[in-house]
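All ligand and atom numbering here is 1-based and tracks the order in the structure.
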Amino acid sequence: MRIVIVGGGLAAATAATELRDTGFEGEVAVFAAEPHEPYERPPLSKAVLMGDKEPASVYCHDRQWYADNDVDLHTGERVVAVDREARTITTDSGATTSYDALLLATGAQPRHLPDADAAGAVYLRTIDDSAQLKSRLNSGTRVIVIGGGWIGLEVTSAARTAGAEVTVIEMADLPLQGVLGDEIAAVFADLHREHDVDLRLGATITGFDRVGESVVVHTDGGDVEGDLLVVGIGVVPDSALAEEAGLDVDNGVLVDATLRTSDEHIWAVGDLASHDHPILGRLRVEHWDNAIEQAKVAAHNLAGGSETYDRAPYFFTDQYDLGMEYVGRAGRGDEVVTRGDVPGRVFQAYWLHDGLVSAAMQVNDWDSSGVIRAAVGKPFAG
Ligand code: FAD
């Protein structure tokens, strides 16, 4: 049996690893568009961006691992077509290879702001992006960050730690407001203000200009001038290949509870997959843990299993001295209750929906990691 994996990220590497760890003896080939071995992205906006960890530390395995485990890894080779009838894929080098089962793990790409691109905006997705950004985060550099989401705030934290001046432009009234709600989002706003970040909230951008070496962002609240413009406004699933192959796609590749696509020989996982979650309904999760855990389940199913994926979404962030974990998925109207010291930033938060915990979070309270995970989906224990 020949399994082909398309994508060079964490999900692709995890699926190959799981296949070998669980004794799959058939052929495994991985095709990765980037010129690097598969790697993890979270450190690229945290320890690696701050210089606390070497870029080489992000690789899932060294090159030798693939040879030792008989995984045929092709880096720098983008898959450009899937022929579902013939069960083959073709790469940009013109090579065609067959599969019995195919895993799509092509991930996501940053959402672009075309007007910002014309003004020299940079984005953060790859190891190369991270290295370039790091080289520009210097003391006194004026950094403008568009988007007060996870990536924007982590870049802000790294930039402030490097001594850069940072202005964050966010259209919502608080950073992370959509995910965390007002009360908990305010914790992050306070955190960044305490680190002298200029938060421009509820802002509408009206245009961009370049003045000499500087970039100017025009907003309804005034102009912001800087040396470096970073845009972090979310990602879009990299689903063009799947779409061209005629798979069902709607904000990601549609997969059933077992992560199988509309083609019985093809599965999809990670940032790419819009999953029919048995408890939470359809959702596409753009998180590290999901890439790992979905890939493991898909590996079992590629090799003949029929496991359902029903894990709750999990996410973490590190900003300055704040570390946080979040499990589950809160709805917009869910009530939030906290336990611990919110102003001191050592606490737990629980989101409640119809008496059940829809999501739970810990901030700098690492002993409660297991507690918050166990709470999700159950009646709130108080
Ligand atoms: P990706 O990592 O996007 O990998 C997909 C790979 O497939 C890419 O290398 C791409 O080049 C390749 N590819 C695409 N098309 C093709 C093709 N046609 N042929 C061959 N290869 C192709 N999550 C957290 O939970 N916590 C965090 O703190 C966190 N921090 C993050 C920080 C940064 C800077 C970034 C960018 C992401 C962060 N994430 C975090 C999100 C997490 O990294 C993603 O959820 C995870 O990378 C998804 O893995 P994936 O394998 O599905 O996709």
Side-chain angles (χ1 to χ4, degrees), residues 4-16 29-50 55 58-60 73-82 89-93 95 97 102-111 122-131 133-134 149-155 157-158 179 230 232 234-245 252-253 259 267-275 284-295 298 313-319 322-327:
V4 170
I5 301 171
V6 184
L10 180 58
T14 305
V30 178
F31 290 86
E34 289 183 59
H36 310 284
E37 290 89 48
Y39 61 88
E40 303 201 18
R41 298 181 198 274
L44 302 180
S45 51
K46 307 178 186 71
V48 168
L49 191 58
M50 291 191 292
V58 301
Y59 291 103
C60 301
L73 173 64
H74 300 252
T75 50
E77 217 170 330
R78 175 175 291 277
V79 174
V80 292
V82 178
I89 56 133
T90 301
T91 73
D92 55 2
S93 70
T97 188
L102 180 68
L103 179 64
L104 299 178
T106 53
Q109 294 291 329
R111 179 175 288 123
V122 300
Y123 296 80
L124 175 53
R125 184 74 190 175
T126 68
I127 193 167
D128 301 322
D129 296 340
S130 179
L133 184 56
K134 179 172 181 301
W150 301 112
I151 297 285
L153 295 185
E154 288 177 2
V155 168
S157 164
V179 202
V230 184
V235 295
V236 283
D238 207 339
S239 56
L241 179 69
E243 217 161 325
E244 279 159 27
V253 175
L259 303 164
W267 284 255
V269 290
D271 282 15
L272 172 71
S274 171
H275 172 230
R284 192 173 62 76
V285 177
E286 298 162 352
H287 297 329
W288 171 89
D289 176 82
N290 178 72
I292 296 173
E293 299 301 330
Q294 282 195 342
Y314 165 92
F315 177 81
F316 63 92
T317 188
D318 295 315
Q319 296 169 32
L322 182 152
M324 176 281 256
E325 294 179 294
Y326 177 105
V327 189

Quick check: [X] and ligand 1, any N/O pair under 3.5 Å apart?
| X | answer |
| --- | --- |
| Thr317 | no |
| Asp289 | no |
| Phe316 | yes |
| Gly8 | yes |
| Glu77 | no |
| Phe315 | no |
| Val79 | yes |
| Leu124 | no |
| Leu10 | yes |

Could you tell me, atom by atom, which parts of ligand 1 come under 4.0 Å of a heavy atom of [X]?
| X | result |
| --- | --- |
| Ala108 | 3 (O) |
| Asp238 | 14 (C), 15 (N) |
| Gly270 | 52 (O) |
| Glu286 | 41 (C), 45 (O) |
| Ala291 | 48 (C), 49 (O) |

Assess the residue pair His36 and Asp128 against the criterion (side chain to side chain contact (heavy atoms under 4.5 Å, CB included)); give the C-alpha distance rounded to whole Å, side-chain angles, the decisive distance to 0.1 Å, and a yes or no. CA-CA 10 Å; His36 310 284; Asp128 301 322; 3.0 Å; yes
side-chain hydrogen bond (donor to acceptor under 3.5 Å, both in side chains) against His74, all qualifying residues, sequence neighbours excluded: Asp72, Glu77
Distance to 0.1 Å, residue and atom name: give those for the protein heavy atom nearest to [atom].
| atom | result |
| --- | --- |
| atom 42 (C) of ligand 1 | Trp288 N, 3.9 Å |
| atom 22 (C) of ligand 1 | Ala33 CB, 3.6 Å |
| atom 51 (O) of ligand 1 | Ala11 N, 3.0 Å |
| atom 53 (O) of ligand 1 | Gly107 CA, 3.2 Å |
| atom 32 (C) of ligand 1 | Ser45 OG, 3.2 Å |
| atom 39 (N) of ligand 1 | Pro42 CG, 4.3 Å |

Nearest heavy atom to [atom] wins, so pick from [options].
| atom | options | result |
| --- | --- | --- |
| atom 8 (C) of ligand 1 | Gln109, Arg125, Arg41, His36 | Arg41 |
| atom 48 (C) of ligand 1 | Val155, Val6, Asn290, Asp271 | Asp271 |
| atom 27 (C) of ligand 1 | Met324, Gln294, Glu325, Lys46 | Lys46 |
| atom 34 (C) of ligand 1 | Val48, Thr106, Ile151, Leu104 | Ile151 |
| atom 10 (C) of ligand 1 | Glu34, Glu40, Gln319 | Glu34 |

Please step through ring-ring contact (aromatic ring centres under 6.0 Å, His included) for the pair Trp288 and Phe315, ending with a clear verdict. CA-CA 7 Å; Trp288 171 89; Phe315 177 81; over 10 Å; no
Are [X] and [Y] side-chain neighbours, meaning at least one heavy-atom pair lies under 4.5 Å?
| X | Y | result |
| --- | --- | --- |
| Thr126 | Arg41 | yes |
| Glu286 | Val235 | yes |
| Leu133 | Val230 | yes |
| Leu103 | Val269 | yes |
| Cys60 | Thr14 | no |
| Ile89 | Phe31 | yes |
| Thr317 | Leu153 | no |
| Asp129 | Val122 | no |

Does either side chain, that of Ser45 or that of Glu154, offer a donor lying less than 3.5 Å from an acceptor on the other one? yes
Decide yes or no on salt bridge (Lys or Arg N to Asp or Glu O under 4.0 Å) for Arg125 and Asp271, but give the supporting numbers first. CA-CA 12 Å; Arg125 184 74 190 175; Asp271 282 15; 3.0 Å; yes
Test ring pair (Phe, Tyr, Trp, His ring centres under 6.0 Å) applied to Tyr314 - qualifying residues, sequence neighbours left out: none
Set out, in order, the CA-CA distance, both residues' side-chain angles and the distance that settles salt bridge (Lys or Arg N to Asp or Glu O under 4.0 Å) for Lys46 and Glu40, then state yes or no. CA-CA 12 Å; Lys46 307 178 186 71; Glu40 303 201 18; over 6 Å; no
